[in-house]
Asker: 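Sending over a structure as structure tokens; questions will come in a sec.
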Amino acid sequence: MKAITVFLCSLSCLLSLGQLGQKDVTVKKTLKLMGTRFEVTVVAPNEEIGYINIDEAVSEIQRIEKIISSWDENSETSLINKNAGIKPVKVSPELFGLIERSIRISEITDGAFDITYASMDNIWKFDGSMESAPKEEDIQKAVAKIGYKKIVLDQKNQTVFLPEPGMCIGFGAIGKGYAADKAKELMVSKDVKGGIINASGDLTTWGTKVTGEKWLVGIANPLSKDKVFSWLPVIESSVATSGNYEKFITLNGKKYSHIIDPRTGYPTTGVNSVSIFAKQAELCDALATAVFIMGRDVGLHMINQMDGVEAVVVDSDNKIHKSSGIIFDMNP
């Protein structure tokens, strides 16, 4: 489990809050997309229209997955990786823009966020198959392939080139947020009154509940995961959480987080989870990973310099720290 858990009112909860006499209903569907659990909630005139809206949102997420997935051999991302050290690959303006924004986030975070981290995927395994830590030599070889500054973008021809054989890009730390943003954008364009796109805890909202109340996310007490000790309104906004509770390995009694520092090639320590609040889920997703890697003090210092972005960090002692814009008492 994550140290910071997102809680959302269920359908029955929403209905009990005073839907009587109102025409709109809340419709929700949970399914697996992009290798993770997505939950799509919409406010609609009736259930039939609500499910049609959800299906449209799901189709948009699937469309994005076909572009950015490194597991799909035919995706634009896979073509870029296959041609590393060989030739530039012409891509869609959509993917080109996502890569440009990713590089800007890398610059802001001093490389803590880096889409070229994907060369580490074959070094650390978090599927239970690893019996010992990777060799230092293998780690350093993989790290040598990492570096967002190496990515060659040709704006005129809309091409992407990875100049070294073995270089890879991956969108695991930004893709879910981007997909959530795009699904929300589609729903807003179709005049869907309100809803939530929740990509396994990376979520974005718009509008209000059926009752007209604000959508709320709950921050769980890390010492008692099922208890909420503070609720935050999320208005036309997003939140994403990176935590070390769901994916990790233990080797020789030492716990290793699945979140790898692309600058060193080693799992990060000192932080249990990071939640980022901002307008765009894409930015929340990327910064949650970056702050996790940067650590509590450096990460919060960076967030405090950014307009419209806030953070809650739970350190390895389960102590809670927050950015300057979060004003409520965070002590459990």
Asker: List the steps and the verdict of side chain to side chain contact (heavy atoms under 4.5 Å, CB included) for Thr30 and Arg37.
Answerer: CA-CA 7 Å; Thr30 302; Arg37 182 178 181 271; 3.5 Å; yes
Asker: With no hydrogens and no angle check, is any side-chain donor or acceptor of Glu236 less than 3.5 Å from a backbone partner on Gly207?
Answerer: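 Between the backbone of Gly207 and the side chain of Glu236 there is a qualifying donor-acceptor contact (under 3.5 Å).
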Asker: Looking at Ser102 and Phe171, what are the two nearest heavy atoms and their distance?
Answerer: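 Minimum heavy-atom contact is OG-CE2, 4.2 Å.
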Asker: Between Glu73 and Ser78, do the side chains contain a donor N or O and an acceptor N or O under 3.5 Å apart?
Answerer: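 Short answer, no.
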Asker: Has Ser106 got a side-chain atom pairing as donor or acceptor with Phe113's backbone, closer than 3.5 angstrom?
Answerer: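 Present.
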Asker: Under the side-chain hydrogen bond (donor to acceptor under 3.5 Å, both in side chains) rule, collect the residues that match up with Asp72, sequence neighbours excluded.
Answerer: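 Asp72 satisfies side-chain hydrogen bond (donor to acceptor under 3.5 Å, both in side chains) with no residue once adjacent residues are dropped.
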Asker: Given the rule that I, L, V, M, F, W and Y join up when any side-chain heavy atoms are under 4.5 Å apart, are Ile260 and Tyr266 in one cluster?
Answerer: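 Yes; tracing contacts between hydrophobic side chains, which count when under 4.5 Å, links both residues.
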Asker: Could you tell me whether a side-chain N or O of Ser323 sits under 3.5 Å from a main-chain N or O of Ala311, the two making a donor and an acceptor?
Answerer: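 Confirmed, Ser323 side chain pairs with Ala311 backbone.
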Asker: Please check if atom CD in Glu100 has more than 12 non-hydrogen atoms from other residues, nucleotides or ligands closer than 6.0 Å.
Answerer: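 More than 12 within 6.0 Å, yes.
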Asker: Quick check against the 3.5 Å criterion: does Ser238 have a side-chain atom that pairs as donor or acceptor with the backbone of Lys279?
Answerer: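 Confirmed, Ser238 side chain pairs with Lys279 backbone.
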Asker: Report the distance from atom CG of Leu95 to atom CD1 of Ile99, rounding to the nearest 0.5 Å.
Answerer: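 So the CG of Leu95 and the CD1 of Ile99 are separated by 4.0 Å.
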Asker: Could you report the tightest heavy-atom contact between Ala183 and Ala57, atom names first, then the distance?
Answerer: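 Of all heavy-atom pairs spanning Ala183 and Ala57, the closest is CB-O, 4.1 Å.
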Asker: Is it true that Leu153 and Met167 fall in one hydrophobic cluster, defined by side-chain heavy atoms closer than 4.5 Å?
Answerer: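 Yes, one cluster joins them.
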Asker: What distance do Leu287 atom CG and Met294 atom CE have between them, rounded to the nearest 0.5 Å?
Answerer: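 If I round to the nearest 0.5 Å, the distance is 9.0 Å.
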Asker: So does Gly97 get a backbone contact from the side chain of Arg101, meaning a donor-acceptor N/O pair under 3.5 Å?
Answerer: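 Judged by distance alone, yes, a pair lies under 3.5 Å.
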Asker: Within a strict 4.5 Å, meaning less than it, do heavy atoms of the Glu282 and Lys182 side chains meet?
Answerer: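 They are not in contact (no side-chain heavy atoms under 4.5 Å apart), so the answer is no.
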Asker: Clusters formed by hydrophobic residues whose side-chain heavy atoms approach within less than 4.5 Å: which one holds Val152, and what are its other members?
Answerer: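 Phe161, all in the cluster of Val152.
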Asker: When rounded to the nearest 0.5 angstrom, what distance separates OG in Ser324 from CD in Gln305?
Answerer: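 Answer rounded to 0.5 Å: 8.5 Å.
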Asker: Step through the shown structure and confirm whether more than 12 heavy atoms of other residues, nucleotides or ligands are within 6.0 Å of NZ on Lys150.
Answerer: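 Yes.
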Asker: So which atom in Ile68 and which in Gly175 form the shortest heavy-atom distance, rounded to 0.1 Å?
Answerer: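 Smallest interatomic distance, heavy atoms only, reads CD1-CA, 3.7 Å.
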Asker: Give a yes or no on whether Lys66 atom NZ has more than 12 heavy-atom contacts from other residues, nucleotides or ligands under 6.0 Å away.
Answerer: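 Open.
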Asker: Please tell me if the side chains of Asn122 and Trp124 come closer than 4.5 Å, counting only heavy atoms from C-beta onward.
Answerer: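 Sidechains of Trp124 and Asn122: no contact.
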Asker: Hey, any chance Leu98 and Trp71 share a hydrophobic cluster, counting ILVMFWY side chains that come within less than 4.5 Å of each other, even indirectly?
Answerer: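 Shared cluster, no.
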Asker: Taking C-beta and beyond as the side chain, do Ser257 and Phe292 meet within less than 4.5 Å on heavy atoms?
Answerer: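 Answer yes - side chains close enough.
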Asker: Just so I know, are the side chains of Glu94 and Glu76 near enough to count as touching, which here means a heavy-atom distance under 4.5 Å?
Answerer: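 With C-beta onward as the side chain, the pair stays apart.
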Asker: In Å and rounded to the nearest 0.5 Å, what is the CG to CE distance from Leu283 to Met306?
Answerer: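 Those atoms lie 5.0 Å apart.
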Asker: Please walk me through it: do Ile174 and Ile105 pass side chain to side chain contact (heavy atoms under 4.5 Å, CB included)?
Answerer: CA-CA 10 Å; Ile174 196 171; Ile105 295 171; 4.1 Å; yes
Asker: Applying a strict under-4.5 Å side-chain criterion to I, L, V, M, F, W and Y, I'd like to know whether Ile151 and Tyr117 cluster together.
Answerer: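 Cluster IDs for Ile151 and Tyr117 differ.
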Asker: Could you tell me the separation between the NE2 atom of His321 and the CG atom of Asp297, rounded to the nearest 0.5 Å?
Answerer: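 Atom-to-atom, His321:NE2 and Asp297:CG are 8.0 Å apart.
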Asker: Quick one, Thr26 with Lys209, criterion side chain to side chain contact (heavy atoms under 4.5 Å, CB included). Give me CA distance, side-chain angles, the key distance, then yes/no.
Answerer: CA-CA 8 Å; Thr26 305; Lys209 301 177 189 177; over 6 Å; no
Asker: Looking only at heavy atoms, what is the nearest atom pair of Gly166 and Ala84, with distance?
Answerer: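 That would be N-CB, 4.3 Å.
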Asker: Quick check for you: to the nearest 0.5 Å, what is the distance between Ile115 atom CD1 and Ile80 atom CD1?
Answerer: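 So the CD1 of Ile115 and the CD1 of Ile80 are separated by 8.0 Å.
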Asker: Any heavy-atom pair between the side chains of Val188 and Glu185 that's under 4.5 Å?
Answerer: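 Result no, sub-4.5 Å side-chain heavy-atom pair not found.
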Asker: Does Asp202 use its side chain to pair, donor to acceptor, with the backbone of Asp285 at less than 3.5 Å?
Answerer: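 Checking the backbone N and O of Asp285 against the side chain of Asp202, no donor-acceptor pair under 3.5 Å is found.
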Asker: Please name the pair of heavy atoms, one in Ile259 and one in Ser242, separated by the smallest distance, quoted to 0.1 Å.
Answerer: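 Closest approach of Ile259 to Ser242: CD1-CB, 3.9 Å.
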Asker: Indicate yes or no: does Lys319 engage Asp317 in a salt bridge with an N to O separation below 4.0 Å.
Answerer: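 Result for this pair is no, no salt bridge flagged.
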Asker: Determine the minimum heavy-atom distance between Ile197 and Val40, stating which atoms define it.
Answerer: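 Taking Ile197 first and Val40 second, the nearest heavy atoms are CD1-CG1, 3.7 Å.
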Asker: Between the side chain of Asp181 and the main-chain N/O of Ala281, is any donor-acceptor distance below 3.5 Å?
Answerer: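 At least one qualifying donor-acceptor pair exists.
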Asker: Is any side-chain heavy atom of Ser316 less than 4.5 Å from a side-chain heavy atom of Asn272?
Answerer: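 Of all side-chain heavy-atom pairs linking Asn272 with Ser316, at least one is under 4.5 Å.
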Asker: Side-chain heavy atoms under 4.5 angstrom apart, residues restricted to Ile, Leu, Val, Met, Phe, Trp, Tyr: same cluster for Val271 and Val291?
Answerer: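 Linked within one cluster.
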Asker: Determine whether a donor-acceptor pair (N or O, by modelled atom type, separation under 3.5 Å) exists between the side chain of Thr241 and the backbone of Gly201.
Answerer: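 Not confirmed, Thr241 side chain does not pair with Gly201 backbone.
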Asker: Can a salt bridge be assigned to the pair Asp114 and Arg263 using a cut-off of 4.0 Å between side-chain N and carboxylate O?
Answerer: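 Here Asp114 does not pair with Arg263 in a salt bridge, since their nearest N and O are not under 4.0 Å apart.
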Asker: Okay, side chain of Glu310, backbone of Phe277: is any donor-acceptor separation there less than 3.5 Å?
Answerer: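 Judged by distance alone, no pair lies under 3.5 Å.
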Asker: Evaluate side chain to side chain contact (heavy atoms under 4.5 Å, CB included) for Lys214 paired with Thr205, printing each intermediate quantity in order.
Answerer: CA-CA 10 Å; Lys214 302 167 185 174; Thr205 72; over 6 Å; no
Asker: Say whether, by atom type as modelled, one donor and one acceptor occur between the side chain of Asn198 and the main chain of Phe38 under 3.5 angstrom.
Answerer: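 Looks like no, no N/O pair under 3.5 Å.
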Asker: Look at Arg104 together with Glu107 and state whether they make a salt bridge at an N to O cut-off of under 4.0 Å.
Answerer: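 Looking at Glu107 together with Arg104, the answer is no, because their closest N to O distance does not fall below 4.0 Å.
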Asker: Do Leu162 and Lys145 touch side chain to side chain, with heavy atoms closer than 4.5 Å?
Answerer: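 Side-chain contact under 4.5 Å: no.
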Asker: Is there a side-chain contact between Glu137 and Lys141 in this structure, where contact means two heavy atoms from C-beta onward sitting under 4.5 Å apart?
Answerer: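 Counting from C-beta outward, Glu137 and Lys141 do come under 4.5 Å.
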